Structures are given as structure tokens and as C-alpha cells.
Protein chains: 2
Amino acid sequence: MSASRAPAGGASAGGARAAGASGSGAGPPAGGPRAPDKRRLILDAAVRVFARQGFHACRVSDIADEAGVAYGLVYHYFASKDEVLDTLFIERWEVMLQLIRDVDSEPLPVREKLGAIAAFIIDSYSHDPDLMKVIIVEVTRAANSFGDTHIGTIREAYELIGAIVEKAQADGYFKPEIEARFAAMAFYGVIEQLLTGWIFDLLPQGEEELQRAKWVVIETVCGGLETNAVSDGTTAGNRLLR
Amino acid sequence: MSASRAPAGGASAGGARAAGASGSGAGPPAGGPRAPDKRRLILDAAVRVFARQGFHACRVSDIADEAGVAYGLVYHYFASKDEVLDTLFIERWEVMLQLIRDVDSEPLPVREKLGAIAAFIIDSYSHDPDLMKVIIVEVTRAANSFGDTHIGTIREAYELIGAIVEKAQADGYFKPEIEARFAAMAFYGVIEQLLTGWIFDLLPQGEEELQRAKWVVIETVCGGLETNAVSDGTTAGNRLLR
DNA sequence: AGTTGTTGACTGACCAGTCAATCTATTCGG
DNA sequence: CCGAATAGATTGACTGGTCAGTCAACAACT
């Protein structure tokens, strides 16, 4: 429930370089906030355009216009229109993957681990709805084209979450009857559907709702996965074990 | 849990007719299984092609080829490529909507109501994975383009499910702290994510797994929504009230 | 004098949608 | 009962527009 590290949108960080430019090593002279950094400008513009019109419906010239640069410059920094989207996805997903790994390695109760993951994703949406919309709509859920390309990376997230669930089962917090893989999908599915609800404007999305949603996710999913009696007579849920 | 009415894929049924053909009333002489019914042929071919290549990546000629008809015939029955997909979605979604309405109107315990809905969707996938893939990937989750067009119909499903949850809350089976709208999204999200898992081949999809998944969905979601003590001391879950 | 950044007009491919022609079935006058 | 007439079904070559990606030139910086 604490602050949770929401990601900064601006800094360059990784980002897979395309073909073409050999990039002699050093980046811009000083990484200060002053540099125009057209590459970033294009990436950020692309997020807005993709979110507004969708990847397929928008033209490369729309991105260039939005970024205020010439058409050709897009191809100076990226090998193709696809690569722009790929870059956006990889950049962001890698951060999430790292967070999940970090969370996983810490000795926390499951609720807090899953809570941190849910919080991260929801905070990411809160911080940059357009970017999350693009990643979910255009990549994560695009079974053909992009989804296929990144399926390996996407799967990794599910597997890491699955591992967390498995551990919780081994420790007796979660019931073992529900396969960890299924549970991981369920957990992630609930979160993604909430984002979808916000994206489609099917759910109210004040800051308060977003915060509350974190709790709802955990309460709903963990509630169903925990070993809270039912079959055995004791009232002792994990609550007491913890 | 019972058989649940899985939909037949073949018969024409409703289906919004396009512009053009005024249809002087009677359809084909006898509605027997003999009639070629090119319209249906095209629709079924489109499902296969859309599932395989995706809506955007495929050409109208691919559909015509797959159906074994001439290019132009597609435009005899449908006003546009879009209309083919629209028709597929509406046809199927309407059936689901009707099922939800039926289920809702019957006096059943929540678990069985939601169970019937989950079963229907999962059976639909089991019966025609391609069609479900197309509907989910190309429409339900396409925030721009198609998703936008059908958002009203999609929303209706969420609202109906939400109403079921609300009723369960009023009856004391579900806890009231989790807003019905959220719960409905969570429920649907879990199911859709499972389908996604199967579509992307992230989850094993034997017939046995699909059947088991129905139980997992209910167990997970309802487990988290039910008023199973926790805050009050009694072990009495809804199980006893029922 | 070279290297990297930036520009935008241009091209080549691709494809949705059109349409005139052909085919098939049903109707109807004689 | 037959052949003409009408209407729908079916065909596939063609068109028009769109757009991703190229490239030759120019600018800025070192």
C-alpha cells in the first residue's frame, strides 16, 4: 500500500536500437534534461498517436507531425513503424518484469507481493494511461502480429507471477487445488480487465478509484485463492498464520 | 455444471443483412443441410482467415479463396470487409447476451448463475476456438476501430453480470464492499484471460483442462467475493445460507 | 572534411471496393 | 410444355487511393 515506485516516463534508459545507425557508443554529451533528444520526442509522440488512433489506423506521418519533426527522421531512429511500437513495449515491459523479480526475491507475504505488482501496473496506468493503453491494446492482446512477436516476454511475466503463487501454495497460504498457472492468469486478467474498463470508459477513473482498485484486486483474487477454511473446520485463515 | 447449451455453428439464424439484396421473402426452397448458402460459407471462411492472419493482415481475396468463391461475391453479401467481422461479432455476442439474460431471470444461487456464464463462454471456445479468438482479439479488445463500434453491446454484458453480482450482494451472499461493477469486470477478466492463455498457447488446452477451468473461475472469483466470515467470527459461509 | 542529424518529395506495392459481363434459376405468356 | 424474359447470383479484371519506406540534398556540429 506504500508509495510504490511509479516509473518515470522521460529518461531514455534501454531501448533496442535498430539496424542502420551503428551508434559509436556514447549517448548525448550530458544526459541533462536540456537535450532535445528527438528519438524520445518521437517515441512519446507515437504513444499519443497510437493511443488516439490505434497502430493500424495511424500513418507514420501522423507520428512525425505529432512530434514536430520531419517524416524521414522517424526512419533515422527506427527501422520501421513496427519498431517504434516494439520499442515502447519492450522499454516498459522490462521495467515491470524487473519489478516482479525484485518483489519476488523479497521475503514478503503473498498479499503484499501481489499487491505490489497490482499497484505497479495500476500506478503505471495512472501515470501514463496512453502508454498502457497502447501496450495492452496493441501488443499484449494482439494475438497476431505484435502479440506473437513478444509472446516470450509476455509469458515471462505470467511465469514469474505463477512462481509467486506456487511459493504461496507451498507455504500453505494458498490452496493447492488451483493450479498456479491458472491463478497467475486470473490475477493478471483481473488487472488487465480493470485497465480495459478505464480505457473504454466503462469504469469511473478518478484517482480515488484507481487506488481503491488495488485493494479490490487483491481482495478478490487472494480471497479466492487463500486457504480460508471452508473445507477444514477451523476459522483460521492465513490471517492468523501470517 | 450440467450440459449447458453450446451454440451450433452452422445454421444461419439471425444475422444482420447488408444493404443490397431486398430478399423477396422466402429464403432457399428448403432450409435443409443441402443448400450451399454462400453467405454462410463466406462467414465461416472469414473466421478461419481472421483467426489465422488477423483482420488487418488478411485481404478480402484471402477470405474469398478460403471460401472457394469469387472475390466479388463477398461484396454481394457484405457491404465491406468490416461488415463481415461486425456480423460475426454481433451474431455471437447476441447469443451470449441472451444466455446471460436467461440465467439472470432464473432463481439460482449466484455460483450457479456465474458458473453457467463461465461455462457458456468456455464451451463456446471449446466448440469454435477460431471464432472466439476473432471476437476477443479483433473486437472485444480493440479499443480503437471495432471495440469502439460495439462498445455499447459489450457494455451490456458487463452490466448484466454486474446486476447479478448486485443481487447477490443484496441477498447477503457477496460482500458489499467490492463494487458490483468491479466484481463483474474481475469475473469477466478472469475468463477472458484464460481464453487468451489458450489462444496464445500459454495454458494447456485439453478438453479436461477446459472443463476444470470452469470450476477454477468460479472458485477463484466467488471465493473472493463471498461473505465467508473473515471479519465476523462465524464459519458460516454462504454455503450454509444457501 | 567528415560525421551525424534533419528534411520532405517521391516511388512502388498493395488492396479495398467497383462494375460490366456471364451464369443460373424461376416465372410466365402462348 | 416450351422458350423468352426477368432477377438474382457469381465472376474476376480493373481502378483509385493510400502509405510505408527510400533517397538525395542540406544543416549543424566537431
Side-chain angles (χ1 to χ4, degrees), chain A residues 12 15 17-30 32 34-43 45-46 49-50 53-87 138 144-146, chain B residues 12 17-32 34-43 45-46 49-50 53-87 138 144-146:
Chain A
S12 57
R17 198 139 224 130
S22 53
S24 30
R34 184 56 71 116
D37 196 356
K38 297 289 175 72
R39 194 183 126 96
R40 190 79 243 162
L41 213 61
I42 292 169
L43 245 13
V49 175
F50 289 161
Q53 307 172 233
F55 180 81
H56 291 287
C58 87
R59 293 160 292 168
V60 173
S61 65
D62 292 331
I63 301 174
D65 290 350
E66 177 81 23
V69 302
Y71 184 89
L73 197 61
V74 175
Y75 286 91
H76 180 70
Y77 287 110
F78 303 94
S80 66
K81 187 186 174 188
D82 283 19
E83 202 186 85
V84 176
L85 179 54
D86 284 340
T87 303
E138 307 290 350
N144 310 291
S145 67
F146 290 99
Chain B
S12 57
R17 198 137 223 134
S22 54
S24 30
R34 186 55 70 114
D37 196 355
K38 298 290 176 70
R39 193 183 126 96
R40 190 79 243 162
L41 214 59
I42 292 169
L43 244 15
V49 174
F50 290 162
Q53 308 172 233
F55 179 82
H56 291 288
C58 87
R59 292 161 292 167
V60 173
S61 65
D62 292 331
I63 301 174
D65 289 350
E66 176 81 23
V69 301
Y71 185 90
L73 197 61
V74 175
Y75 287 92
H76 180 70
Y77 288 109
F78 303 94
S80 65
K81 187 185 174 188
D82 283 19
E83 202 187 84
V84 177
L85 179 55
D86 284 341
T87 303
E138 307 290 349
N144 310 292
S145 67
F146 289 98

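Remember, it's a predicted structure, so these values are computed and weren't measured experimentally. Sequence lines set the chain letters: A, B, ... in the order given, protein chains first and strands last, and positions in each chain run from 1.
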Protein-nucleotide distance (A/H56, atom NE2; D/dT18, atom C1'), rounded to Å: 16 Å

Below 4.0 Å: OP1/OP2 of C/dT6 and any side-chain N or O of A/H76: no

Which nucleotide in C/dA16, D/dA9, D/dG12 has an atom nearest any side-chain atom of B/A70: D/dG12

Nearest-angstrom distance from the residue atom NZ of B/K81 to P of C/dT18: 15 Å

Pairwise side-chain contact, B/H76 with B/V69, heavy-atom cut-off 4.5 Å (strictly under): no

A/D82 vs A/F146 side-chain heavy atoms within contact, under 4.5 Å: yes

Euclidean distance, A/I63 CD1 relative to A/L41 CG, rounded to 0.5 Å: 12.5 Å

Nearest-nucleotide pick for B/L73, side chain only, options being D/dT10, D/dG21, C/dG17: D/dT10

Closest-nucleotide 5' rank along DNA chain D - winner of A/G72 and B/V69: B/V69

Any A/K38 side-chain nitrogen or oxygen under 4.0 Å from OP1 or OP2 of C/dT6: yes

Rounded distance [0.5 Å steps], CZ in A/R59 versus NZ in A/K81: 10.0 Å

Separation of D/dT11 P from B/D65 CG (nearest whole Å): 11 Å

Side chain of A/R59 - closest among D/dA20, C/dT6, D/dT11: D/dA20

Rounded interatomic separation in angstrom, taking CD1 from A/I63 and C1' from D/dG21: 13 Å

Nucleotide of C/dC15, D/dT11, C/dT18 approaching B/Y71 most closely (side-chain heavy atoms): C/dT18

Test item: B/F78 and B/D86 side chains (from C-beta on) under 4.5 Å apart, heavy atoms: no

Rounded interatomic separation in angstrom, taking OH from B/Y75 and P from C/dT18: 7 Å

Side chain of A/Y77 (C-beta onward), nearest among D/dG12, C/dA16, C/dT6: C/dT6

Nearest-angstrom distance from the residue atom CZ of A/R39 to P of C/dT6: 13 Å

